[in-house]
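Working notes, beginning with the structure itself.
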Amino acid sequence: MSQTIVQLRGEVNVDQSVRDTLEMLNLNRVNHATVVPETEAYRGMITKVNDVVAFGEPSAETLATLIERRGEPIEGDDDIDDEWVGWYTDYESVLELAEALLAEETTMQEANLSPTLRLHPPRGGHDGIKHPVPEGGELGRHSTEEIDALLEAMR
């Protein structure tokens, strides 16, 4: 299953190696998100940036909503909908594309989408971006329900 990573904290007073890792993950600003496969290399990168990001495995429905609302084509300025997905990818609907992304059958770039999703700040605010999830904050690993709630607030 793929992971969705959301940058919650800025890069001020952060080690250069963490900044470089965020750049490699296509996370250039706060409230940007990306979808990465769950491999050993990405697991190490997520561990490195654990103190500035939230991550987890979202549901296909939540990822489809994000792609529709916040996804951007690599070229052009079209809206992402079922018709666009059917025309530019091998999939028939946005939900089918989201399921393929989560199953690691394709990537955002292969689907002609920008690898970065520019999200809205969360409606209702964060639970706290200075503490990890076990302490009542937002940083670190989230369960599917928790990451869905965060992504839905940032849709």
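Keep in mind that the numbers below use all heavy atoms, side chains included, and drop hydrogens, waters and symmetry copies. Quick caveat, the model's predicted, so the values are computed rather than measured. We number each residue from 1, following the sequence as shown.
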(message) Assess the residue pair Leu150 and Ile147 against the criterion (side chain to side chain contact (heavy atoms under 4.5 Å, CB included)); give the C-alpha distance rounded to whole Å, side-chain angles, the decisive distance to 0.1 Å, and a yes or no.
(response) CA-CA 5 Å; Leu150 175 64; Ile147 198 72; 4.3 Å; yes
Output the distance between atom [atom1] ([X]) and atom [atom2] ([Y]), rounded to the nearest 0.5 Å.
X: Gln7; Y: His32; atom1: CD; atom2: NE2; answer: 8.5 Å
X: Leu151; Y: Arg70; atom1: CG; atom2: CZ; answer: 12.0 Å
X: Glu68; Y: Leu95; atom1: CD; atom2: CG; answer: 9.0 Å
X: His120; Y: Arg155; atom1: NE2; atom2: CZ; answer: 9.0 Å
X: Leu66; Y: Thr4; atom1: CG; atom2: OG1; answer: 7.5 Å
X: Ser93; Y: Glu83; atom1: OG; atom2: CD; answer: 13.5 Å

(request) Go through the steps for Asn26 and Thr34 under the test side chain to side chain donor-acceptor pair (under 3.5 Å), then give the verdict. (result) CA-CA 7 Å; Asn26 295 313; Thr34 191; 4.7 Å; no
Tell me the closest heavy-atom pair linking [X] and [Y], and the distance in Å.
X: Glu99; Y: Ala60; result: CG-CB, 3.6 Å
X: Ala64; Y: Ala98; result: N-CB, 3.7 Å
X: Trp84; Y: Ala111; result: CH2-O, 3.6 Å
X: Leu102; Y: Ser59; result: CD1-C, 3.8 Å

(request) Report whether Tyr42 and Ile5 are members of the same hydrophobic cluster (ILVMFWY, side-chain heavy atoms less than 4.5 Å apart, transitive linking). (result)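 Tyr42 clusters together with Ile5.
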(message) Under 4.5 Å between side-chain heavy atoms, counting indirect links through other Ile/Leu/Val/Met/Phe/Trp/Tyr residues: same cluster for Val85 and Leu117 or not?
(response)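 Yes, same cluster.
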Quick one: does any side-chain atom of [X] pair with a main-chain N or O of [Y] as donor and acceptor, under 3.5 Å?
X: Asp82; Y: Val94; value: yes
X: Glu23; Y: Leu25; value: no
X: Asp148; Y: Pro58; value: no

(request) Could you tell me which residues satisfy salt bridge (charged side-chain N to carboxylate O under 4.0 Å, His left out) with Glu40, sequence neighbours excluded, listed by chain and number? (result) Arg43
(request) With side chain to side chain contact (heavy atoms under 4.5 Å, CB included) as the test, would you mind laying out the steps for Thr107 and Leu113 before giving the verdict? (result) CA-CA 9 Å; Thr107 64; Leu113 292 170; over 6 Å; no
May I ask you to check whether over 12 heavy atoms, not counting those of [X], lie within 6.0 Å of atom [atom1]?
X: Asp81; atom1: CG; result: yes
X: Gln16; atom1: CD; result: yes
X: Asp15; atom1: CG; result: yes
X: Glu105; atom1: CD; result: yes

Which side-chain N or O atoms in residues 128-144 pair as donor and acceptor under 3.5 Å with protein atoms at least two apart or in another chain?
unit_1: His131; atom_1: ND1; unit_2: Glu135; atom_2: OE1; d: 3.1
unit_1: Glu138; atom_1: OE2; unit_2: Asp127; atom_2: N; d: 3.2
unit_1: His142; atom_1: NE2; unit_2: Glu138; atom_2: O; d: 2.6
unit_1: Ser143; atom_1: OG; unit_2: Glu145; atom_2: OE1; d: 3.4
unit_1: Ser143; atom_1: OG; unit_2: Glu146; atom_2: N; d: 3.3
unit_1: Ser143; atom_1: OG; unit_2: Glu146; atom_2: OE1; d: 3.4
unit_1: Thr144; atom_1: OG1; unit_2: Glu57; atom_2: O; d: 3.1

(request) Show your reasoning for whether side chain to side chain contact (heavy atoms under 4.5 Å, CB included) applies to Asn28 and Leu22. (result) CA-CA 7 Å; Asn28 302 316; Leu22 286 169; over 6 Å; no
Heavy atoms, side chains only, cut-off 4.5 Å: are [X] and [Y] in contact?
X: Thr116; Y: Leu27; result: no
X: Ile80; Y: Leu97; result: no
X: Glu152; Y: Arg123; result: no
X: Glu38; Y: Glu104; result: yes
X: Val35; Y: Ser2; result: yes
X: Val6; Y: Met154; result: yes
X: Val52; Y: Val30; result: no

(request) Assess the side chains of Thr62 and Thr65: does a donor N or O sit below 3.5 Å from an acceptor N or O? (result)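 No, no side-chain donor-acceptor contact under 3.5 Å.
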(message) Test salt bridge (charged side-chain N to carboxylate O under 4.0 Å, His left out) on Arg118 and Glu72; report intermediate values, then the result.
(response) CA-CA 9 Å; Arg118 300 182 305 153; Glu72 298 174 356; 2.7 Å; yes
(request) Go through Phe55 and Val49 one step at a time and tell me if the side chain to side chain contact (heavy atoms under 4.5 Å, CB included) criterion holds. (result) CA-CA 10 Å; Phe55 62 95; Val49 299; over 6 Å; no
